[in-house]
Colleague: 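Sharing a structure below in structure tokens format, with a few things to ask.
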Amino acid sequence: MQKVRPAAGHPAWVVLGYDAARRALNEPGISKDMLAALQQAGDVVAEGLPGPEFSRHMLNVDPPDHTRLRRLVSRAFVPGRIAALEAAVRAMADSLLDELDAAGPGAAVDLIEGYAYPLPFGVIGELLGIPAADRPRLHAWFGVLLTGWAGDPPPGAVQASDGIVAYLRALVDAKRQSPADDLVSVLVAAEDDALTTQELLSSLFQLVVAGHDTTASLIGNGVVALLDNPAQLQALLADLGQLPAAIDELIRFTAPVPHATFRMTAEPVTFDSVQIPAHEQVLVCLAAANRDPDRFSEPDVLDIGRGDGPNLGFGHGIHYCLGAPLARLEARIAFETLLSRYPGLRLAADRNSLTWAHGDGLVLRGLTSLPVVLDPGRRPG
Ligand code: HEM
């Protein structure tokens, strides 16, 4: 373990190995209480947008608040509810590809803007109860907020953040007046008794971010990884039933969430014989843990048939990704629909011109765009 100063400017102790990462994610002395950390440690902590008043969600608190907030939101993520989304996700995937197809045979289209991003955004919109007509506006604001930046926010980010905050406040007001069968209404019904308005708004903000950008990155990163490894792509095309395992391997290999989110020592902690003082940041590198040679054989090789067990791409411990079943379902349908319609899919840009840039670059790793040709080609076998 070593102390580093990442590009975003805040010094942190970095955890790299697989076992160490699992232990760090379970270490009670390492806290996720962002507001407490801001009070105690000041500028060691990045506030981000839209600011601390929107930061009171499950990913930024410790038990017992974490337990309470996670339990409330979990109601929308019960397995039956996720499985019931399958037909709707498939219809969305097909309709997005139909729109891209309209560009004509051989045309270059952006798979991020036209498919990877709007698909999970539409799904989280359905789950939360965001009207379809409002999604493009919200989608555009989140796009600005999550574009690569380090240090000061780029022009437009503050306005985008203000737009999102005002929109979510208005959505909550609307659901207070006319509740529906959606997650915003479930949380509004619990407001005051089980969660504060600040926690409600923060949770919605976090769910929209966590619920679309990550899966969008997995789809984009995964397509590039498969095109980079044609033998793996052909093996997958020969049997799309391998997709569930392939998706876990694509998460391991392409790291849509390369580092766990903000953590800080609440007290002095001794970790692997290193003394970390109180109120210092700890950065758990999931991408490195997932390529730890002590845990994975040939870790730098993409192997969709790899049988060496779970990876840490969805985190570990009490903050393990609540949306993992939804993300797996979305990714399975996204790849299944794309690859069965366009087995001859190919890049329409120089591979070296692709750029990965997102947020502070630490927690989200996704492509800015992915020009491809949707070639019907032929499936092997
Ligand atoms: C490929 C897609 C995804 C990846 C790789 C991913 C990854 C992660 C990771 C690594 C964490 C733990 C972060 C930490 O401990 O600091 C996490 C937490 C979380 N994720 Fe995901 N995620 C994905 C998709 C989703 C989706 C679709 C949702 C749905 C809304 C979602 C909702 C959440 C929530 C609510 C948490 C916080 C859990 C808690 O604090 O108890 N994620 N995710």
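All of these numbers come straight from a predicted model, not from anything done at the bench. Counting begins at 1 with the first residue of the sequence. In each ligand, atom 1 is the first atom listed, and ligand 1 is the first ligand listed.
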Colleague: Applying side chain to side chain contact (heavy atoms under 4.5 Å, CB included), can you list everything that pairs with Leu237, at least two apart in sequence or on another chain?
Modeller: Leu233, Gln234, Leu339, Pro343, Arg379, Pro380

Colleague: Take atom CG of Asp173 as the centre, draw a 6.0 Å sphere, and report whether it contains more than 12 heavy atoms from other residues, nucleotides or ligands.
Modeller: yes

Colleague: With a 4.0 Å heavy-atom cut-off (strictly under), which part of His316 contacts ligand 1: side chain, backbone, both or neither?
Modeller: neither

Colleague: Answer with side chain, backbone, both or neither: which part of Gln206 has a heavy atom less than 4.0 angstrom from an atom of ligand 1?
Modeller: side chain

Colleague: Check this for me - ligand 1, Thr261, N or O atoms closer than 3.5 angstrom, yes or no?
Modeller: yes

Colleague: Around atom CD of Glu267, are there more than 12 heavy atoms of other residues, nucleotides or ligands at under 6.0 Å?
Modeller: yes

Colleague: Looking only at protein heavy atoms, which one is nearest to atom 11 (C) of ligand 1, and how far off is it?
Modeller: Phe314 O, 3.8 Å

Colleague: Output all residues satisfying salt bridge (charged side-chain N to carboxylate O under 4.0 Å, His left out) with Asp62, sequence neighbours left out; order by chain, then residue number.
Modeller: none

Colleague: Give the numbers and elements of all ligand 1 atoms closer than 4.0 Å to a heavy atom of Leu286.
Modeller: 10 (C)

Colleague: If the cut-off is 4.0 Å to any non-hydrogen atom of Ala327, which atoms of ligand 1 fall inside it?
Modeller: 2 (C), 24 (C)

Colleague: Among Ala260, Pro258, Gly313, Gly315, which one puts a heavy atom closest to atom 5 (C) of ligand 1?
Modeller: Gly313

Colleague: Decide whether an N or O pair under 3.5 Å exists between His319 and ligand 1.
Modeller: yes

Colleague: Indicate yes or no: does Glu126 engage Arg135 in a salt bridge with an N to O separation below 4.0 Å.
Modeller: yes

Colleague: Tell me, with the steps shown, if Asp308 and Arg252 meet salt bridge (charged side-chain N to carboxylate O under 4.0 Å, His left out).
Modeller: CA-CA 12 Å; Asp308 43 13; Arg252 183 194 74 81; 5.9 Å; no

Colleague: Under 4.0 Å, heavy atoms only, figure out whether ligand 1 is touched by the backbone of Ile124, its side chain, both or neither.
Modeller: side chain

Colleague: Would you say ligand 1 has an N or O under 3.5 Å from any N or O of Lys32?
Modeller: no

Colleague: Please report which non-hydrogen protein atom sits nearest to atom 19 (C) of ligand 1, along with the residue it belongs to and the distance in Å to one decimal place.
Modeller: Cys321 CA, 3.6 Å

Colleague: How far is atom 28 (C) of ligand 1 from its nearest protein heavy atom, and which residue and atom name does that atom have?
Modeller: Gly323 CA, 3.5 Å

Colleague: At under 4.0 Å between heavy atoms, is it the side chain or the backbone of Phe262 that contacts ligand 1, or both, or neither?
Modeller: neither

Colleague: Short list, please: which atoms of ligand 1 are under 4.0 Å from a heavy atom of Ile318?
Modeller: 41 (O)

Colleague: Starting from atom 15 (O) of ligand 1, what is the nearest protein heavy atom, named by residue and atom, and what distance separates them?
Modeller: Arg263 NH2, 2.9 Å

Colleague: For ligand 1, note which part of Met58 has a heavy atom under 4.0 Å away: side chain, backbone, both or neither.
Modeller: both

Colleague: Consider every N or O of Glu330 and every N or O of ligand 1, then say whether any pair is closer than 3.5 Å.
Modeller: no

Colleague: Closer than 4.0 angstrom, basic N to acidic O: yes or no for Glu298 and Arg306?
Modeller: no

Colleague: Can you tell me which residue and heavy atom of the protein come closest to atom 23 (C) of ligand 1, and the distance to 0.1 Å?
Modeller: Thr214 OG1, 3.4 Å

Colleague: Using the six-membered ring of Phe271, assess whether NZ or CZ of Arg23 lies under 6.0 Å from its centre and within 45 degrees of the ring axis.
Modeller: yes

Colleague: By number and element, which atoms of ligand 1 are closer than 4.0 Å to a non-hydrogen atom of Phe77?
Modeller: 29 (C), 30 (C)

Colleague: Any chance you could lay out the salt bridge (charged side-chain N to carboxylate O under 4.0 Å, His left out) test for Asp19 and Arg295, step after step, and finish with the verdict?
Modeller: CA-CA 8 Å; Asp19 284 337; Arg295 168 67 185 79; over 6 Å; no

Colleague: Which protein non-hydrogen atom lies closest to atom 1 (C) of ligand 1, naming both residue and atom, and how far is it?
Modeller: Leu218 CD2, 3.6 Å

Colleague: Would Glu191 and Arg176 pass as an ion pair if we require N to O under 4.0 Å?
Modeller: yes

Colleague: As an exercise, identify every atom of ligand 1 less than 4.0 angstrom from a heavy atom of Thr215.
Modeller: 2 (C), 24 (C), 27 (C)

Colleague: Of the backbone atoms (N, CA, C, O) and the side-chain heavy atoms from C-beta on, which set of Leu59 has a member under 4.0 Å from an atom of ligand 1: side chain, backbone, both, or neither?
Modeller: both

Colleague: Considering only non-hydrogen protein atoms, determine which one is nearest to atom 26 (C) of ligand 1 and report residue, atom name and distance to 0.1 Å.
Modeller: Ala210 O, 3.4 Å

Colleague: Below a 4.0 angstrom heavy-atom separation, can you tell me which part of Val284, side chain or backbone, both or neither, approaches ligand 1?
Modeller: neither

Colleague: His66 versus ligand 1: do any nitrogen or oxygen atoms come within less than 3.5 Å of each other?
Modeller: yes

